[in-house]
Amino acid sequence: MCGIFGCILKEGNAAPLIHSSLKRLEYRGYDSVGIATISDGKMYIKKDSGKIDEVDKIVNLDDMPGNLGIGHTRWATHGAPLKVNSHPHTDCTGEIAVVHNGIIENFMELRAELQNLGHTFVSKTDTEVMPHLIEETLKQNPNLTFQQAVLASLKRIEGSYAFAIISTREPNKIICARNESPLVLGINGKGVFCASDIPAFLEVTNKAVMINNGELVILTADGYEIRRISDNSPVTRDPIKVEWTAEMAVKQGYPHFMIKEIHEQPETLRNTLRIQDHYLDLLATFLDRANEVFLVACGTSYHACLAASYMFSKLAFLPTYPVYASEFLEQCGKSVNIDSTLLAVSQSGETADTIGAVSCAQQRAATVLSLTNVIGSTMTRISRVYIGTQAGPEIGVAATKTFTSQLSVLAQLALKLAKKRGKISQDEIDCLEENLKKMPDDVETIVRTQEEKIKQIAKKYVDSKVFFFLGRGISTATAFEGRLKLMEIAYIPSIAFPAGESKHGPISLIEDGFPVVFICPRDDTHKTVIGNIMEMKARGAHIIAVVEEGDKEIESLADDFIEVPKGIPSILSPIPFAVPLQLLAYYTALEKGYNPDMPRNLAKSVTVK
Ligand code: AGP
């Protein structure tokens, strides 16, 4: 997730406004920044890796001529956060500059095609194919206008994008286009603006024009023109008046980043499905050849590892060992050797315990792989191979969208391994792949249909002194995650363990009215989970069941139930089943009057041991 901005002013230089607007988009990405402006037919570009203020101190972003320009604040998905990978990107001639938010899925084939035509690429990004594509289109069709060349180039692009594009050939316009990544226009009497999000221009206007998927926009100092990319037909759309404050706008109208990020999960899960196949293949190859595999992480990321251990075992017959990073040295330090492989999972890529475990393994010559949400983080620099989860910055301290993104990537890895090892049928693989693709819609359905009910459940149990979270099989990982969420933002002591463990001690805690959350996908554990529910009910527990839609058997036993869509394979169930637990924790925290974005005693990234 990155932030793009473009503006054309009737008077004055564009750079200072672009700079301040990028600052307001910093929550969308902040590992690199760049601005391009045009003045007297010449392109000016300033860009570098680093936070906006750091780069500005070096290059003085405001000091650029021209009333027209574009800017970008980056969250790396392809290519580390280096100056050469920062946006804007240009064509060979430097006459065309592009900023982009999204993922171009076919960039490798386009890059090869353009390189064969003589184009020189300088970055590792997917974005850089766009300026060269426009350049090549104009070279082959010199009579095309800039707009026509952009339109023709867009038809070659597969994937998600919000582009803002300028050219010294037609220096008085900005062409922007949208497919899936957000794009919105701002207008006032002094100029026209395009941005990833409303906060970028809210200081200068509250008149916004929303741009839809498949639309191209031509901006000039006098206004905007919208056209459909499919057939170049005109679209008429009037501005709306935005009632948000700037602070509300950064949260897109949500009261907290946590609830915004919970609602973002359909989008982030779609992005996670756009990971380049060869990265998944490479990581799967390392795992396939591994003699032993440790899955190492902390907190929520550890729960993703716990779920992954079931995925790797059931789909690829690969035994893996989930280990708390803080325990890795004591538990495994002596046994790790050159034949060991470590898959470290860390949203921030900076967690000291996880980095410590990785360093320990590396000192013993183990192979270190990693999965992180922050490209360019320490974890990516010390791993032999890494994959980014493509979830965009997560501002809320509680991990939500990054958890479901980790699970999606780990499931894709397990499927890659299953194919390599031939341990499950192609039909089963196809079915699981289909369900993974459907997952964003399933999560969207859960949020849309269950959120109100979950608010009521949170109200009902807000004064409970303790919660149990129980699941069997892979749902044990989901139960652990539900417990952590409720503990860390609603501060309610919570206990989680495999449901089969209840009778080995914890059931002694049950008293009348004690809330027990059961995670109940309709899988092989369904029957035994019903037995566990009966055990708890017999001792007065109140059952809160997360069930598959229409599971009348468990719904009849539960005091409250939350439904997820039918037919989700158990091995993928932590992804959708975690969402109600995230919402339960969030609304319980609100009921208790806490700020879910800033839970007490916690930091977003624990960089101390
Ligand atoms: C999860 O909600 C917490 N914020 C915390 O447990 C977190 O998952 C843990 O600190 C690991 O962080 P990482 O994924 O950035 O390594």
Side-chain angles (χ1 to χ4, degrees), residues 31 75 256-262 264-265 268 272 294-308 322-328 342-359 368-383 386-410 469 477-492 494 496 574 578-579 581-586 588-589 594-609:
D31 63 45
W75 186 266
H256 300 101
F257 279 109
M258 182 177 175
I259 192 65
K260 169 177 169 286
E261 287 154 2
I262 290 171
E264 251 173 34
Q265 289 179 109
T268 48
T272 306
F294 297 98
L295 308 176
V296 180
C298 301
T300 290
S301 298
Y302 172 79
H303 301 150
C305 290
L306 188 57
V323 182
Y324 282 111
S326 55
E327 283 303 312
F328 185 76
L342 222 78
L343 174 58
V345 177
S346 173
Q347 186 284 128
S348 61
E350 299 298 346
T351 298
D353 286 327
T354 311
I355 289 166
V358 165
S359 306
V368 173
L369 314 169
S370 67
L371 174 61
T372 181
N373 192 41
V374 185
I375 309 294
S377 61
T378 302
M379 192 60 75
T380 60
R381 293 198 299 272
I382 61 179
S383 303
Y386 67 83
I387 282 190
T389 43
Q390 320 274 11
E394 185 171 66
I395 312 297
V397 167
T400 50
K401 64 176 184 174
T402 53
F403 176 60
T404 49
S405 287
Q406 287 169 345
L407 290 169
S408 176
V409 177
L410 290 161
F469 288 83
T478 315
F480 275 102
E481 177 57 13
R483 177 208 52 177
L484 176 60
K485 287 284 117 14
L486 191 68
M487 282 197 304
E488 72 175 317
I489 63 164
Y491 318 145
I492 297 179
S494 304
V579 176
L581 306 180
Q582 296 167 351
L583 290 167
L584 178 64
Y586 173 77
T588 304
Y594 301 142
N595 177 350
D597 281 345
M598 291 182 271
R600 65 189 182 202
N601 312 329
L602 293 177
K604 183 59 187 170
S605 173
V606 182
T607 54
V608 291
K609 282 195 173 184

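Numbering of ligands and ligand atoms starts at 1, following listing order.
Remark: minimum distance from atom 11 (C) of ligand 1 to any protein heavy atom is reached at Cys298 O, 3.5 Å. Looking only at protein heavy atoms, the nearest one to atom 6 (O) of ligand 1 is Gly299 CA, 3.2 Å. Scanning the protein heavy atoms around atom 10 (O) of ligand 1, the nearest turns out to be Val606 CG2, 3.9 Å. Closest to atom 4 (N) of ligand 1 among all protein heavy atoms lies Val397 O, 2.9 Å. Scanning the protein for heavy atoms near atom 1 (C) of ligand 1, the closest one is Thr300 OG1, 3.0 Å.
Remark: of the listed residues Glu264, Glu261, Glu394, Gln265, Glu264 is the sole one forming a side-chain hydrogen bond (donor to acceptor under 3.5 Å, both in side chains) with Lys401. A side-chain contact (heavy atoms from CB on, under 4.5 Å) with Thr272 is found for one member of Ile387, Val409, Thr402 and no other, namely Val409. Of the listed residues (Gln406, Glu481, Gln347), just one forms a side-chain hydrogen bond (donor to acceptor under 3.5 Å, both in side chains) with Thr300, and that residue is Glu481.
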Item to complete: Could you please spell out the steps behind the side-chain hydrogen bond (donor to acceptor under 3.5 Å, both in side chains) verdict for Thr389 and Ser405?
Response: CA-CA 6 Å; Thr389 43; Ser405 287; 5.6 Å; no
Fill in: From CA spacing to verdict: side chain to side chain contact (heavy atoms under 4.5 Å, CB included), Val374, Thr380
CA-CA 8 Å; Val374 185; Thr380 60; over 6 Å; no
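Within the structure, the closest approach of Glu350 to ligand 1 does not fall below 4.0 Å when heavy atoms are considered.
Side-chain contact annotation: Thr378 with Glu350, donor-acceptor N/O pair under 3.5 Å present.
Of all the atoms in ligand 1, the ones that sit under 4.0 Å from a non-hydrogen atom of Ser301 are 8 (O), 13 (P), 14 (O). Ligand-side atoms of ligand 1 in range of Gln347: 13 (P), 14 (O), 15 (O), 16 (O), range being under 4.0 angstrom from any heavy atom. Annotation for ligand 1: atoms under 4.0 Å from non-hydrogen atoms of Lys485 are 1 (C), 2 (O). Close approach to Ala399 involves these atoms of ligand 1, each under 4.0 Å from a residue heavy atom: 1 (C), 2 (O). Atoms of ligand 1 lying under 4.0 Å from any heavy atom of Ala398, numbered from 1 in the order shown and given with element: 2 (O).
Here the closest non-hydrogen pair linking Tyr586 and Met258 is CD1-SD, 4.0 Å. Scanning all heavy atoms of the two residues, the minimum distance from Cys305 to Val345 falls at SG-CG2, 3.6 Å.
Counting non-hydrogen atoms of neighbouring residues, nucleotides and ligands closer than 6.0 angstrom, the CE atom of Met487 exceeds 12 such neighbours.
Considering Thr351, Leu484, Thr400 only, the shortest heavy-atom separation from atom 13 (P) of ligand 1 involves Thr351.
Geometrically, ligand 1 and Glu488 share a nitrogen or oxygen pair separated by less than 3.5 Å.
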